Chemist: 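Sharing a structure with you now.
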Amino acid sequence: MGVLLQKARVAFQGEPGAFSEAAAIQLLGEKITPVPRPTFDATFRAIAECAADALLVPVENSLAGSETILPIELHLIGSPGASLADIRSVASHPMALAQCERFFAAHPQWKRVPAEDTAGSVREALALGNKSHAAIAGRRAADHYRGVILAEGIQDNAENFTRFVLLLRPEEAAAASSPGARKMSIAMRLAHRPGSLLAALEPFARHEVNMLKIESRPIHGRPWEYQFFLDVEAEVPGRLEAALEGVRKVTSELRVLGLYAAAQSASRNQSANFLKKGK
């Protein structure tokens, strides 16, 4: 990782103590300057507004669904001196609440309170100064706001991970890219006719490129037309470019979002996604 990135201002959606902040520090180290932003729109504007040098955003959750892959461990956090017997309501992001169904089933009397984000729910619960209010978030949020963990690891599934990517300006992404980069994220639009998706995927198979993921999203203002997002990987990087040459011939638009080395472990970060962010 470059020295400049290790000291970069890194924007993320959420408040101090958020999982995204933890992922940024896991990826780049403790010397970065975290830049919390209230919304994803504000996060994606941070570089253009000169408020940040890079962005760290989640792109995939293993349950709801740099590269750095962060294990998501959820804890019940309350005010100092509180106990489980004191709790009457629990706040957190709706996804975090949904991932703790078994824990809530054991405490059916508790009221669930949806919040904007996990770390913010801890801040708000502790600010009330009421032992009956608690929140669900990560350990970093408990430490940051000086809360007490009343119950650890309350998520239903221990195999709960979120994939984060680091977004940089194109020239900076190229400079930071790993020599072992062989994974690529792309976006493509297809002609609205039968067989167009098959024709677009055939070059990947022909050049022995492995498709790891494909998703489709409707194109706003163009009914029945879709944009496809793919993650692909090849043992030999040259095969990626060869496949793209064939894909370009049968798509109406093709954009390479990033070329990077894949993270190898969910428990220990070993590499990062460096995706290009348009100016």
Side-chain angles (χ1 to χ4, degrees), residues 1-6 8 10 23-24 26-29 32 44 47 53-62 65-70 161-191 196-217 226-279:
M1 199 70 61
V3 174
L4 292 179
L5 278 179
Q6 291 175 354
V10 182
Q26 173 179 284
L27 177 61
L28 299 174
I32 65 168
F44 282 98
I47 292 179
D53 306 305
L55 314 180
L56 200 287
V57 295
V59 295
E60 183 176 48
N61 183 278
S62 64
S66 231
E67 179 168 86
T68 187
I69 299 177
L70 185 73
F161 303 95
T162 295
R163 174 185 172 211
F164 294 82
V165 292
L166 187 70
L167 304 180
L168 303 168
R169 294 184 184 275
E171 63 275 13
E172 294 167 354
S177 184
S178 165
R182 57 187 180 86
K183 184 176 179 182
M184 180 180 285
S185 293
I186 66 175
M188 64 183 188
R189 294 186 179 187
L190 308 177
S196 58
L197 179 58
L198 177 61
L201 297 181
E202 188 277 334
F204 293 118
R206 178 160 31 98
H207 292 282
E208 299 182 342
V209 173
N210 186 26
M211 186 170 64
L212 305 174
K213 177 182 177 182
I214 181 169
E215 292 184 359
S216 63
R217 294 287 183 273
Y226 294 84
Q227 180 156 271
F228 291 83
F229 296 89
L230 294 81
D231 286 347
V232 296
E233 186 175 38
E235 291 295 328
V236 179
R239 292 176 182 169
L240 289 170
E241 193 55 46
L244 289 181
E245 287 185 15
V247 176
R248 287 190 180 98
K249 296 176 182 178
V250 293
T251 55
S252 57
E253 182 179 324
L254 177 68
R255 183 180 180 188
V256 176
L257 303 178
L259 175 65
Y260 46 89
Q264 299 299 313
S265 170
S267 59
R268 179 186 61 199
N269 174 56
Q270 296 178 339
S271 59
N273 276 5
F274 295 105
L275 298 191
K276 301 175 183 177
K277 182 180 187 302
K279 297 181 179 179

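It should be emphasised that the depicted structure is a prediction, and the values quoted were computed from it without experimental measurement.
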Chemist: Any non-hydrogen side-chain atom of V209 less than 4.5 Å from a side-chain atom of M184?
Modeler: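 In short, these two side chains do not touch, never coming nearer than 4.5 Å.
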
Chemist: Hey, does Y226 have a side-chain heavy atom less than 4.5 Å from the side chain of L190?
Modeler: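 SC-SC contact between L190 and Y226 ruled out.
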
Chemist: What closest approach, in Å, do A200 and V250 show between heavy atoms, and which atom pair accounts for it?
Modeler: CA-CG2, 3.6 Å

Chemist: To the nearest 0.5 Å, what is the distance between CG (L56) and CG (L70)?
Modeler: 9.5 Å

Chemist: So, E215 and K213, do they make that salt bridge, N to O below 4.0 Å?
Modeler: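 Yes, E215 and K213 are salt-bridged.
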
Chemist: Report the distance from atom CZ of F228 to atom CD1 of I214, rounding to the nearest 0.5 Å.
Modeler: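 One finds 6.0 Å between CZ of F228 and CD1 of I214.
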
Chemist: Rounded to the nearest 0.5 Å, what separates atom CG in L244 from atom CG in L254?
Modeler: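 Interatomic distance, L244 CG to L254 CG, rounded to 0.5 Å: 5.5 Å.
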
Chemist: Just verifying a value: how many Å separate S252 OG and Q227 CD, rounded to the nearest 0.5 Å?
Modeler: 9.0 Å

Chemist: Could you check H207, E202, M188 and say which one makes a side-chain contact (heavy atoms from CB on, under 4.5 Å) with V247?
Modeler: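 Checked H207, E202, M188 against V247; only one passes side-chain contact (heavy atoms from CB on, under 4.5 Å): M188.
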
Chemist: What distance do L167 atom CG and D53 atom CG have between them, rounded to the nearest 0.5 Å?
Modeler: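 Interatomic distance, L167 CG to D53 CG, rounded to 0.5 Å: 13.0 Å.
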
Chemist: With side chains defined as the heavy atoms from C-beta onward, is the minimum distance between F204 and L230 less than 4.5 Å?
Modeler: yes

Chemist: Given L257 and F229, is the side chain to side chain contact (heavy atoms under 4.5 Å, CB included) satisfied, shown in steps?
Modeler: CA-CA 9 Å; L257 303 178; F229 296 89; 4.3 Å; yes

Chemist: Indicate yes or no: does E208 engage R182 in a salt bridge with an N to O separation below 4.0 Å.
Modeler: no

Chemist: In Å and rounded to the nearest 0.5 Å, what is the NZ to CG distance from K183 to L259?
Modeler: 11.5 Å

Chemist: Checking S185 side chain against G258 main chain: does a donor-acceptor pair fall under 3.5 Å?
Modeler: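 Checked: no pair found.
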
Chemist: What are the two closest non-hydrogen atoms of P203 and G246, and how far apart are they?
Modeler: CG-C, 3.7 Å

Chemist: Can you find a pair of side-chain heavy atoms, one from F164 and one from L27, that are under 4.5 Å apart?
Modeler: no

